[in-house]
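Since the model is a prediction, treat every value here as computed from it, not as a measurement. Throughout, protein chains are lettered first and strands after them, A, B, ... in sequence-line order, and every chain is numbered starting at 1.
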Amino acid sequence: MKKFEGLPQEIIALRASQELKDGDYVNLGIGIPTMISNWIEGRDIFLHSEIGMIKTGPLAYDEDIDQDLINASCQPVTEVAGSIYFDISESFAMIRGGHVDVTVMGAFQVSEKGDFAGWNNPSRGLGNVGNIGGSMDLSAGSRRLIITMEHTTKNGDPKLLKELTYPATGRGNVNLIFTDLAVIEVAPEGLILKEIYPGLTTEDIQSVTEPKLIISPDLKEIEL
Amino acid sequence: MKKFEGLPQEIIALRASQELKDGDYVNLGIGIPTMISNWIEGRDIFLHSEIGMIKTGPLAYDEDIDQDLINASCQPVTEVAGSIYFDISESFAMIRGGHVDVTVMGAFQVSEKGDFAGWNNPSRGLGNVGNIGGSMDLSAGSRRLIITMEHTTKNGDPKLLKELTYPATGRGNVNLIFTDLAVIEVAPEGLILKEIYPGLTTEDIQSVTEPKLIISPDLKEIEL
Amino acid sequence: MDKVIPKLEEAIHDIEDGALIAIGGFFTCGVPRDLLKAIISKGIKDLTFACGSGPLLGAKEEMSELVANNQIKKVIDSYGLARSTSKGLDDPFEAQVRANKIELEVVPMGTLAEKYRAAGAGIPAFYVKTGAGTFVEDGLVTNFSENTNGKETKIIDGEKYVLEYSIKPDFALVHAYMGDKEGNLYYRKTARNFNHVMATAGKVTIAEVEKIVEPGEIDSHCIHTPGIYVQRVVQVSRREFEITID
Amino acid sequence: MDKVIPKLEEAIHDIEDGALIAIGGFFTCGVPRDLLKAIISKGIKDLTFACGSGPLLGAKEEMSELVANNQIKKVIDSYGLARSTSKGLDDPFEAQVRANKIELEVVPMGTLAEKYRAAGAGIPAFYVKTGAGTFVEDGLVTNFSENTNGKETKIIDGEKYVLEYSIKPDFALVHAYMGDKEGNLYYRKTARNFNHVMATAGKVTIAEVEKIVEPGEIDSHCIHTPGIYVQRVVQVSRREFEITID
């Protein structure tokens with residue numbers, strides 16, 4: 001399959017960051033989602049870490065490292081004014097109870113129904129027995145679920161599919177997908193192509209996407 | 001029916017207080033149970049108030065009254081060294097989860113199966129619609145449930161019955177009953193008469209108790 | 001994100017007739033009385049008040065106005081009636097309940113606390129042993145007999161448990177001692193009681209607080225209600241009141 | 001009531017072969033490593049470790065000793081394997097899982113937190129939407145295929161929920177920054193994580209703490225785990241460690 005050049009990961013993160021609104025409580029998964037935190041400094045966005053913290057500050061280095069202060073990816077982080085701590089059942093009450101406005105996660109696959117596979121790694125040879133972490137809770141509970149990912153695998157195979165071939169992390173929860181090539185909304189009628197990498201055609205995007213895309217009447221180039 | 005003279009309420013409370021062990025977390029209901037707190041001063045017993053406090057101190061008077069510090073019966077109370085506060089779902093997690101060692105409550109009726117009716121008042125004319133408070137949670141959840149009450153109604157009718165005639169607060173949860181006339185254990189085989197008010201006979205107690213009492217081989221006079 | 005609203009009436013501007021409103025507080029302690037006064041002034045009707053343990057008994061004055069104005073359709077509580085039966089006979093609220101003009105639904109206090117906690121935590125239903133084998137299991141807990149429904153039960157490890165559902169209020173009104181501009185709340189002593197769980201349960205949660213501080217001023221280890229649960233904060237003055245219910 | 005036990009080995013004296021042991025901590029943060037060391041020294045076997053999010057990945061040294069000594073029968077966790085698949089291929093624990101010598105049961109993190117919270121709170125089972133429509137609903141969450149059981153589901157308000165059961169450990173081992181003699185605990189920053197829920201869940205809860213203080217020294221409004229949940233407190237020294245999992 002043809003593989004297109006698109007946005008670098010940092011810029012996918014930048015585009016996704018524009019989807020966040022001031023006052024939002026946001027949980028960022030590992031990978032591209034984490035890069036969003038570089039684009040929202042100074043904005044009024046509350047970063048929630050499932051380990052039990054809101055207003056998680058930037059990563060800590062050297063003498064700022066505190067072994068009692070990490071994020072959910074086991075990275076040392078810092079406090080900011082108004083950072084708060086709470087226990088894990090409170091943390092997931094926030095998540096499951098719909099208090100987290102937006103979760104941004106990576107995915108191996110997303111289906112046109114909004115199902116997604118976020119973590120499975122068949123090469124491990126242990127079937128479903130792997131590291132789920134909080135991904136299922138976050139996808140089931142957050143008000144909005146945004147996926148950021150490369151549009152295709154390294155081999156150019158589509159990651160946007162009619163049906164998942166990997167085990168689902170969540171069913172029907174994905175609202176919006178940001179890839180290096182496009183911005184796609186998950187609607188009841190299917191995947192709506194809303195924005196496109198400058199220079200590519202809708203046919204190009206369709207050629208690396210399994211389900212039939214619905215072209216938005218307001219289709220435009222990705223703007224940053 | 002004959003009505004016997006027995007222990008005054010304060011002394012029922014004293015006898016019941018002897019059943020508490022050092023280190024016990026104890027919840028005391030309104031009425032005779034509350035009087036137990038007068039008998040355990042200086043002892044290592046943690047008083048739990050369902051409103052959200054452990055190590056509830058004595059009642060507050062005059063300038064010691066703080067409107068943000070009451071017990072579950074709406075009485076102003078005081079702090080002691082090591083008093084702690086928590087929210088209501090934590091408080092009932094303690095109760096329902098079996099962390100409260102002993103609850104002492106009053107009752108209108110107790111059955112030989114350990115069922116009891118703690119609060120219903122038919123004279124209100126609202127059927128079951130009344131003030132349950134935390135009594136059902138406490139009776140279902142506490143490790144041990146002790147009832148303190150008069151042995152009979154004001155008219156001399158038995159309150160220890162084969163079956164409740166009032167709606168049950170809890171089923172099969174009562175472990176031990178302290179009345180003005182006797183100490184009675186609830187066992188799978190029935191009510192075991194263990195202690196008796198000095199001067200009364202087992203026949204006297206039976207005459208004011210509906211179910212057939214099992215006489216403990218170690219029957220003795222109530223000792224204080 | 002400044003969640004502070006200058007005026008009480010503005011803080012409750014979108015509460016409308018028929019709303020399901022949770023009220024924090026335990027008898028006289030920690031009741032959002034100023035927010036209740038705003039509800040009275042607004043004059044909205046057909047309200048269902050989801051309570052924990054008698055906050056409307058504790059807020060006597062507000063309760064009598066709510067009843068006099070016919071604003072109440074239903075109360076959910078573990079302890080909703082006057083303590084004394086004889087005082088209850090003279091009580092206008094209880095008279096309305098007895099006349100089936102107001103519905104009173106009774107729930108064991110711990111189950112009620114958990115119903116609100118569950119609503120906040122995304123748990124639609126849970127099993128408890130509280131009430132098994134009693135009229136609570138049979139659902140005979142309201143004076144509106146058409147609303148009595150027996151509850152589902154399940155035997156787990158040989159013991160019978162009752163399935164209870166969460167209660168998700170449209171609005172939660174809570175009273176806190178301190179709140180910061182981002183909605184983090186801190187309660188004094190036993191005034192915490194139902195306020196935290198109510199705050200988590202509300203679709204919209206409005207906190208009246210005695211002190212407003214900057215983010216970071218409440219100890220980060222000692223936040224009782226994280227601001228994520230709180231949409232609006234309004235300052236009220238500390239009032240003295242009598243500690244008594246009838 | 002002084003709950004302080006002078007020595008680690010005494011604090012765990014009654015943990016025996018086959019015990020179900022909950023471990024607080026999230027990766028490297030807040031893991032009761034000294035209590036784990038005591039478990040290793042005692043040499044008890046057939047242990048099931050109920051975890052939250054990889055405390056045994058965080059406590060690398062203790063984990064490798066537990067595996068080398070064949071002390072582990074089963075691990076319950078949301079994140080129990082090395083992050084990197086390639087490192088996992090060299091990992092002795094993962095090799096034992098792959099060889100079906102150790103059982104690994106995977107549970108979504110929030111459901112797991114709630115299972116422990118429920119055990120402490122007397123709730124034997126509860127409904128969540130997490131995992132509905134996935135292999136979690138089908139119960140395909142363990143390498144021991146004989147233990148895979150589909151879960152009960154229920155449609156509530158048009159949405160499908162999965163019934164999840166509480167996990168009640170025989171012992172809970174937790175790490176706190178401060179503890180008083182009556183067992184009240186206070187955690188530092190994100191080291192709270194699973195420690196509080198584990199403490200509530202244990203039939204017997206043992207806390208290692210960096211500081212022991214008198215009752216009343218921890219702010220009465222800021223107790224994270226009330227002492228009612230904690231049977232034993234033992235002092236340990238604060239250790240420095242690397243913040244990393246493979």
How many angstroms lie between CZ in Phe92(B) and CE in Met109(C), if you round to the nearest 0.5 Å? 4.5 Å
Region of Thr244(C) in contact with chain B, defined by heavy-atom distances below 4.5 Å: backbone
Quick one: which of Ile245(C), Val106(C), Thr225(C) has the most heavy-atom pairs under 4.5 Å with chain B, could you say? Val106(C)
Could you walk me through whether Lys160(C) and Arg171(B) pass the side chain to side chain contact (heavy atoms under 4.5 Å, CB included) test, one step at a time? CA-CA 11 Å; Lys160(C) 184 162 77 171; Arg171(B) 294 279 182 199; over 6 Å; no
Quick one: list whatever passes salt bridge (Lys or Arg N to Asp or Glu O under 4.0 Å) with Glu185(B), sequence neighbours left out. Lys194(B)
Per side-chain hydrogen bond (donor to acceptor under 3.5 Å, both in side chains), Asp68(B) is matched among Arg238(C), His175(C), Lys189(C), Arg192(C) by Arg238(C)
Counting only heavy atoms from other residues, nucleotides and ligands, does the tally under 6.0 Å from NZ of Lys154(C) exceed 12? yes
Which atom names give the shortest non-hydrogen contact between Pro167(B) and Phe135(C), and what distance separates them? CB-CD2, 3.7 Å
Any donor and acceptor pair, going by atom type alone, linking the side chain of Gln67(B) with main-chain N or O of Arg239(C) inside 3.5 Å? yes
Portion of Glu79(B) that has a non-hydrogen atom of chain C nearer than 4.5 angstrom: side chain
With only heavy atoms counted, which part of Ala82(C) is less than 4.5 Å from chain B, the side chain, the backbone, both or neither? both
Is it the side chain or the backbone of Ile95(B) that comes within 4.5 Å of chain C heavy atoms, both, or neither? neither
Once you round to the nearest 0.5 Å, how far does CD1 of Ile243(C) lie from CD1 of Ile70(B)? 7.0 Å
Residues Asp66(B), Arg188(C): salt bridge by 4.0 Å N-O rule: yes
Output for pair (Asp137(B) CG, Ser78(C) OG), nearest 0.5 Å, gives 8.0 Å
In terms of heavy-atom contacts, does CG of Asp157(C) have more than 12 from other residues, nucleotides or ligands at under 6.0 Å? no
What is the minimum heavy-atom distance between Val136(C) and Ile132(B), and which atoms define it? CG2-CD1, 4.3 Å
If you tally heavy-atom pairs under 4.5 Å against chain B, which of Thr130(C), Thr111(C), Val197(C) wins? Thr130(C)
Answer key: most heavy-atom pairs under 4.5 Å with chain B among Arg83(C), His224(C), Glu242(C), Arg117(C) is Arg83(C)
Under 4.5 Å to a heavy atom of chain C? For Ala72(B) that would be both
Atom NZ of residue position Lys151(C) - does it have more than 12 heavy atoms of other residues, nucleotides or ligands inside 6.0 Å? yes
Pick from Gly52(B), Ser89(B), Ser49(B), Gly133(B) with the largest number of heavy-atom pairs that fall under 4.5 Å of chain C: Gly133(B)
Which atoms of Phe241(C) approach chain B - backbone, side chain, both or neither, heavy atom under 4.5 Å: both
Drop me the distance from Leu81(C)'s CG to Leu126(B)'s CG, to the nearest 0.5 angstrom. 6.5 Å
Chain C contact via Leu164(B) - side chain, backbone, both or neither, heavy atoms under 4.5 Å: neither
Looking only at heavy atoms and a cut-off of under 4.5 Å, which of Gly170(B), Ser135(B), Gly130(B), Ala93(B) has the most pairs with chain C? Gly130(B)
Spacing of Asn131(B) atom CG and Asp77(C) atom CG [to the nearest 0.5 Å]: 8.0 Å
In Å and rounded to the nearest 0.5 Å, what is the OG1 to CG distance from Thr200(C) to Asp87(B)? 8.5 Å
Toward chain B, the part of Ser145(C) with a non-hydrogen atom under 4.5 Å: neither
Is Tyr186(C) atom OH crowded by more than 12 heavy atoms from other residues, nucleotides or ligands, each under 6.0 Å away? yes
Below 4.5 Å, heavy-atom pairs only: which of Ile65(B), Asp115(B), Leu69(B) has the largest tally toward chain C? Leu69(B)
